[in-house]
Amino acid sequence: MIAKRRQFFEKGQCLNKKNVLITGAAGDIASHLRRELAGRYALRLSDIKPINDVGDQEKFMQGDISHMKDALAITKGIDAIVHLGGFSVEGPWETILEANIVGLYNVYEAARRNKVKRILFATSNHAVGFYRRDETIDHRVYPKPDSRYGVSKVFGEALGSLYADKYGMEVFNIRIGNVNPQPVDKRRLSIWISPRDLAQLVSIGIDHPGIKFEIVYGISDNARAWFDNANATRLGYKPQDQSEPYAAEILAKEKPGDPRIERYQGGTFVLAELGGDPFKPPP
Ligand code: 15L
């Protein structure tokens, strides 16, 4: 049993499992994925911040992806990258530029130089946040970012498209809604994804043969979804969780919202302004 679980490492690479790098590994989404994917892949974790609870099947390499040298070091000997690293809400332009534009470019370019074929990019519903809530959109709509953060996610999707077409990289974009053990408010009833459903999508992104460039939505099987996730279904995604059982309790607590926010899928991000706190009242 113990022998079966053992991984065989040579020069930092696991020989009997896919070597998967998770960037932004100190964050919340990564902590869910590490738990859900434990044992399935040899996980290399990387973040600018240290991680104190590294498991015995995980390796940690600290790195700042805004420096190419670090991006090259962390992507060496890897089969697939799950790129979660970056700034995860609206913020000042300099912050978005360094973490989400320069950092993302470095990860793609380092992957190309290190011959890493597959990249999963954690893009966001905020790449399309200025679509209205009365519209259902699929993976083929043109972007409508709701923030500088959303623009950086559109940039990431576009860079992935370039690296797929020009360099034959295999790119899987997950436009994540909101990852949480449970949906937390009315808007999230539409865009919620449970940790185990996200892990299923990530596994599809890592293991599905013949990926070239795909965009899927990271949502569970939500009755109130604004996204037509047919592309994920086509690739075998069968979400196990639904937000509807939480709806009555959430809606009973929900206060009437600002109609400008209520109109758009991106919620508060459509109003958020400089200062990096999308939950501040609008100016
Ligand atoms: C995101 O893209 C953010 O990373 C996350 O913090 C949430 O704000 C989420 O979107 C959301 O829209 O709920």
Side-chain angles (χ1 to χ4, degrees), residues 22-33 47-49 65 82-92 95-96 98-101 103-104 120-133 135 137 139 141 143-157 160 172-195 197-198 201-202 215-220 222 224-227 229 241 243 246-247 250 253-254 257-258 260-273 275-282:
I22 300 183
T23 66
D28 271 4
I29 297 186
S31 70
H32 290 304
L33 287 180
D47 204 291
I48 195 168
K49 296 187 217 133
I65 55 167
V82 181
H83 181 46
L84 306 176
F87 200 68
S88 64
V89 288
E90 179 62 316
T95 307
I96 298 288
E98 187 172 296
N100 293 14
I101 306 277
L104 180 120
L120 283 70
F121 172 47
T123 175
S124 167
N125 69 91
H126 297 289
V128 287
F130 261 118
Y131 281 95
R132 293 173 62 120
R133 295 188 187 186
E135 294 172 285
I137 59 173
H139 58 290
V141 295
K144 267 177 152 319
D146 56 24
S147 48
R148 289 174 289 278
Y149 167 70
V151 169
S152 75
K153 294 299 183 182
V154 176
F155 172 81
E157 294 177 6
F172 191 76
N173 299 279
I174 309 177
R175 280 187 186 153
I176 299 178
N178 186 253
V179 191
N180 248 311
Q182 297 184 358
V184 291
D185 57 21
K186 186 177 88 178
R187 178 173 160 271
R188 269 57 168 258
L189 289 171
S190 299
I191 65 165
W192 175 65
I193 184 164
S194 67
D197 283 346
L198 181 65
L201 264 183
V202 166
I215 294 177
V216 298
Y217 287 96
I219 53 168
S220 284
N222 303 331
R224 296 161 196 257
W226 301 311
F227 308 132
N229 216 5
D241 294 303
S243 62
Y246 302 97
I250 286 175
K253 281 192 277 182
E254 186 97 4
D258 181 323
R260 294 169 300 171
I261 291 173
E262 294 284 307
R263 182 177 307 149
Y264 296 108
Q265 296 181 2
T268 50
F269 281 56
V270 304
L271 295 180
E273 242 327 297
D277 178 3
F279 298 102
K280 262 201 320 225

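Every heavy atom of this structure was used, including side-chain atoms; hydrogens, water molecules and symmetry mates were not. Start at 1 and go down the list; that is how both ligands and their atoms are numbered.
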If you measure from atom 12 (O) of ligand 1 to every heavy atom of Gln265, Glu90, His126, Lys153, which option wins on shortest distance? His126
Which atoms from ligand 1 have a heavy atom of Asn178 less than 4.0 Å away? 7 (C), 9 (C), 11 (C), 13 (O)
Which ligand 1 atoms, with their elements, are less than 4.0 angstrom from a heavy-atom of Asn125? 10 (O), 11 (C), 12 (O)
For atom 5 (C) of ligand 1, which of the options Ser88, Ala122, Ala127 provides the nearest non-hydrogen atom? Ser88
Give the atoms of ligand 1, by number and element, whose distance to some non-hydrogen atom of Arg187 is under 4.0 Å. 11 (C), 12 (O), 13 (O)
Derivation of the side chain to side chain contact (heavy atoms under 4.5 Å, CB included) call for Ile29 and Leu33: CA-CA 6 Å; Ile29 297 186; Leu33 287 180; 4.2 Å; yes
Hey, which atoms in ligand 1 end up nearer than 4.0 Å to a heavy atom of Ser124? 1 (C), 2 (O)
Just by distance, no angles: are the side chains of His126 and Ser147 close enough, under 3.5 Å, to form a donor-acceptor pair? no
State plainly whether the residues Glu262 and Lys186 are in salt-bridge range, i.e. N to O under 4.0 Å. yes
Those atoms of ligand 1 less than 4.0 Å from some heavy atom in Phe269: 8 (O)
Looking only at heavy atoms, is any part of Ile191 under 4.0 Å from ligand 1, and if so is it the side chain, the backbone, or both, or is it neither? side chain
Taking the six-membered ring for Trp, are the ring centroids of Trp226 and Tyr217 within less than 6.0 Å of each other? no
Decide whether Asn125 and Arg187 meet the rule of one side-chain donor and one side-chain acceptor closer than 3.5 Å. yes
Out of all atoms in ligand 1, which are within 4.0 Å of some heavy atom of Arg188? Include the element for each. 11 (C), 13 (O)
Short list, please: which atoms of ligand 1 are under 4.0 Å from a heavy atom of Gly177? 9 (C), 10 (O), 11 (C)
Does the side chain of Phe121 reach to within under 4.5 Å of the side chain of Leu104, using non-hydrogen atoms? yes
According to the interplanar angle, ranging from 0 to 90°, do the rings of Phe269 and Tyr149 count as parallel (below 30°), tilted (30 to 60°) or perpendicular (above 60°)? tilted
